[in-house]
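Read through the structure below, which is laid out as structure tokens, and then see the notes.
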Number of protein chains: 2
Amino acid sequence: MDTKFNKKNFIENFKNNCNRVQVKKFSKGETVTTYIEKRSQICIVVSGEVDLIRYDFNGNKTIIGHFVDNEIFGEVFYPANTNNELFAIAHKNSEVLFYNYDSLSVKCKKNCEFHKELTNSLRQLFLDKIVELNLRIELLTTKSTREKILSYFRILSKGTLRRTFTLPYSYTDLADFLSVDRSAMMRELKLLIDDGFIKKNGNKITLLY
Amino acid sequence: MDTKFNKKNFIENFKNNCNRVQVKKFSKGETVTTYIEKRSQICIVVSGEVDLIRYDFNGNKTIIGHFVDNEIFGEVFYPANTNNELFAIAHKNSEVLFYNYDSLSVKCKKNCEFHKELTNSLRQLFLDKIVELNLRIELLTTKSTREKILSYFRILSKGTLRRTFTLPYSYTDLADFLSVDRSAMMRELKLLIDDGFIKKNGNKITLLY
DNA sequence: AAAAAACTGTTGCATTTGCAACAAAAATGA
DNA sequence: TCATTTTTGTTGCAAATGCAACAGTTTTTT
């Protein structure tokens, strides 16, 4: 993915220079946005971590997304006719940048450089998001917990070019990401160790296959 | 989703006027692209249907995507470090438009209007794709086959504003889309009928909840 | 019009998975 | 530093799900 601009720099500049954006701070546990109003709002994590939480028909709570540095999220990325209530909640103290997708083509008062760049940059951010979502779908569409785990580990291994790597999630969050029951996942991890597929030391994993 | 341009018209114009794109025809069963080379290639279904097929580590075949009119697909939307082999196969006789994402910013020889529009339009196509992928992830992250089915049916019902609607997939394809075993899904459908949640008449479903 | 291919519908059975529950360890924060 | 919260690790059990297999329809192709 030859990203033709530096995402971090871009967002930093944008945040400091353009008066059409807002940056707000949230304490851990606070609601960042509700996915009910502001349909055209795009959010970017400037610092911290934000969870996307679903309360379904029966009131069950599931973490369906987890956003960190420079990731985009917001209701604009979700279909209007969903059944569920979605909430973006600060997982840690966080800073989030907001702006309206609608206002993209309009010049801001400062006539800032960043609006000119925005169209191209946003396309790249969108593409990155698609890649990320397709990756997740690849994992979610495997048939077994074992395959989900192994596929994910193989991806991490390829990404780092190492057989040993550190998990970017806690085991609790990993279970959410893979959409499996945590205890079932832990059980399967133990079986994978017993069967000689992996080694596990805290949140460090070694692939042995 | 206030799409600010007509997708169908846009693609039709693009196809006819810009000499940087190629449109090729494929017979049912032919390989459209392999997701191994041409990393920067974007594909659009002009007519027909294209399946995205995964052969995993163990050689199991799964249909992980299904593209129809004007949908975009291609290797550029997939992470480079995937474990699996992906193939786009024509599900019916199809026409597919190809062009390079790289060449986006370059003017074509005709200096065509469509290249000027392309950036904005593509951003919208990307956004549509994100929405579609998020919808699928919503379904895939429910805990049970019953919830997957009901959630999807509720979405179709809301989309059409009708309690009775026609499924856009065959039951075989629906099972793939929801990533459940077909026979297990059929069993669950019967239970949903017995429990009075739905009625089913061929590929027409009525929600009763 | 006949043959082939794809799809629907169904079932028994084995396995996988989720759920509930709890103790111990680690991390957080007041 | 002590108390609280979060995470990890584990297990028995019940329920959900995948798999295999096959017959009957429907659709497509020749």
Side-chain angles (χ1 to χ4, degrees), chain A residues 27-29 48-49 51 53 56 58-63 66 89-94 140-150 166-195 198 200-205, chain B residues 27-30 48-49 51 53 56 58-63 66 89-94 139-150 166-195 198 200-205:
Chain A
S27 300
K28 182 178 179 177
E49 297 179 18
D51 286 333
I53 293 174
D56 69 18
N58 309 314
N60 296 311
K61 176 183 167 180
T62 316
I63 296 172
H66 185 82
I89 307 287
H91 184 73
K92 300 187 172 176
N93 295 343
S94 303
L140 292 176
T141 53
T142 57
K143 311 143 301 313
S144 65
T145 302
R146 171 165 291 210
E147 268 310 304
K148 285 189 177 70
I149 294 170
L150 278 181
T166 303
L167 292 176
Y169 293 123
S170 70
Y171 287 101
T172 303
D173 288 348
L174 179 59
D176 277 319
F177 179 68
L178 299 179
S179 197
V180 293
D181 179 76
R182 186 189 62 82
S183 68
M185 186 190 76
M186 297 302 279
R187 175 171 42 208
E188 196 60 39
L189 280 170
K190 200 167 59 166
L191 291 174
L192 281 166
I193 294 166
D194 294 349
D195 293 351
I198 63 169
K200 172 172 173 294
N201 183 4
N203 64 347
K204 284 203 195 322
I205 299 288
Chain B
S27 301
K28 182 177 178 177
E30 278 192 284
E49 297 179 20
D51 286 334
I53 293 175
D56 69 19
N58 309 313
N60 297 310
K61 176 183 167 180
T62 316
I63 296 172
H66 184 83
I89 307 287
H91 184 72
K92 302 186 171 178
N93 294 343
S94 303
L139 296 173
L140 292 176
T141 53
T142 57
K143 314 142 301 311
S144 64
T145 301
R146 170 165 292 212
E147 268 311 303
K148 284 188 177 70
I149 295 170
L150 279 180
T166 303
L167 292 175
Y169 292 124
S170 70
Y171 287 102
T172 303
D173 288 349
L174 180 59
D176 277 321
F177 179 68
L178 299 178
S179 197
V180 294
D181 178 75
R182 187 188 61 84
S183 67
M185 185 190 77
M186 297 301 279
R187 176 171 42 211
E188 196 59 39
L189 280 170
K190 200 166 61 165
L191 291 175
L192 282 166
I193 293 167
D194 293 348
D195 293 351
I198 63 169
K200 170 171 175 295
N201 182 4
N203 64 346
K204 283 203 197 322
I205 298 289

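Sequence lines set the chain letters: A, B, ... in the order given, protein chains first and strands last, and positions in each chain run from 1.
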Checklist entry - In this structure, are over 12 heavy atoms from other groups packed under 6.0 Å from Asp194(B) atom CG? => result yes
Checklist outcome for this item: Sorted by position of nearest nucleotide on DNA chain D, 5' first, the leading residue of Lys190(A) and Asn203(A) is Asn203(A)
Checklist entry - Quick check: does any side chain N or O of Asp181(B) sit under 3.5 Å from a backbone N or O of Ser183(B), one acting as donor and the other as acceptor? => result yes
Checklist entry - Where along residues 170-180 of chain B does a heavy atom come under 4.0 Å from DNA chain C, residue by residue in number order? => result Ser170(B), Tyr171(B), Thr172(B)
Checklist entry - How far does the helix from dA1(C)-dT30(D) to dA30(C)-dT1(D) bend, going by the axes of its first and last five pairs, to the nearest 10°? => result 70°
Checklist entry - Which atom names give the shortest non-hydrogen contact between Asn93(B) and Lys28(B), and what distance separates them? => result OD1-N, 2.8 Å
Next on the checklist: Under 4.0 Å, counting only non-hydrogen atoms across every strand here, what does Ser183(A) touch: a base, just sugar-phosphate, or nothing?
Outcome noted: base
Next on the checklist: Can you tell me if Lys200(B) touches the phosphate of dG9(C), counting only side-chain N or O atoms and a distance under 4.0 Å to OP1 or OP2?
Outcome noted: yes
Item to check | Glu30(B) vs Ile89(B) side-chain heavy atoms within contact, under 4.5 Å | outcome: no
Checklist entry - For Glu188(A) and dT15(C), what is the distance between atoms CD and P respectively, to the nearest whole Å? => result 14 Å
Checklist entry - From Lys200(B) NZ over to Lys190(B) NZ, what is the distance, rounded to the nearest 0.5 angstrom? => result 10.5 Å
Checklist outcome for this item: Those residues at least two apart in sequence (or on a different chain) that pass side-chain contact (heavy atoms from CB on, under 4.5 Å) with Arg146(B) are Ser144(B), Leu150(B), Glu188(B), Leu191(B), Leu192(B), Asp195(B), Phe197(B)
Item to check | Rounded interatomic separation in angstrom, taking CG from Asp181(B) and P from dT15(C) | outcome: 16 Å
Item to check | hbond_proxy Arg182(A) side chain to dG18(C) base (donor-acceptor, 3.5 Å cutoff) | outcome: no
Checklist entry - In whole angstroms, how far is the C1' atom of dA21(C) from the CZ atom of Arg187(A)? => result 14 Å
Checklist entry - Which atom names give the shortest non-hydrogen contact between His91(B) and His66(B), and what distance separates them? => result CD2-CE1, 4.0 Å
Next on the checklist: What is the first contacted nucleotide of DNA chain D and what is the last, in 5' to 3' order, if contact means an atom lying under 4.0 angstrom from a heavy atom of chain B?
Outcome noted: dT17(D) to dT29(D)
Checklist entry - Hey, are the side chains of Ile205(A) and Leu167(A) touching, using non-hydrogen atoms and a 4.5 Å cut-off? => result yes
Next on the checklist: Nearest whole Å is fine: how far is dA6(C) C1' from Asp51(B) CG?
Outcome noted: 13 Å
Item to check | Glu49(A) backbone acceptor or donor facing Ser94(A) side chain under 3.5 Å | outcome: yes
Checklist entry - Glu147(B) CD to dG18(C) P: how many Å, rounded? => result 15 Å
Next on the checklist: Just verifying a value: how many Å separate Ile63(A) CD1 and Ile53(A) CD1, rounded to the nearest 0.5 Å?
Outcome noted: 5.5 Å
Checklist entry - What integer distance in Å separates Met186(A):CE from dT16(C):C1'? => result 18 Å
Item to check | Pairs involving residues 166-180 of chain B, ordered by first then second residue, that meet side-chain hydrogen bond (donor to acceptor under 3.5 Å, both in side chains) (sequence neighbours left out) | outcome: Thr166(B)-Lys204(B)
Next on the checklist: Holding to side-chain contact (heavy atoms from CB on, under 4.5 Å), I want the full list of residues that pass it with Leu139(B), two or more places apart in sequence or in another chain.
Outcome noted: Ser151(B), Tyr152(B), Ile155(B), Phe177(B), Leu178(B)
Next on the checklist: How many whole angstroms separate atom NE2 of His91(A) from atom C1' of dT28(C)?
Outcome noted: 12 Å
Item to check | Atom pair distance, as rounded to whole Å: OH in Tyr169(B) and P in dC7(C) | outcome: 14 Å
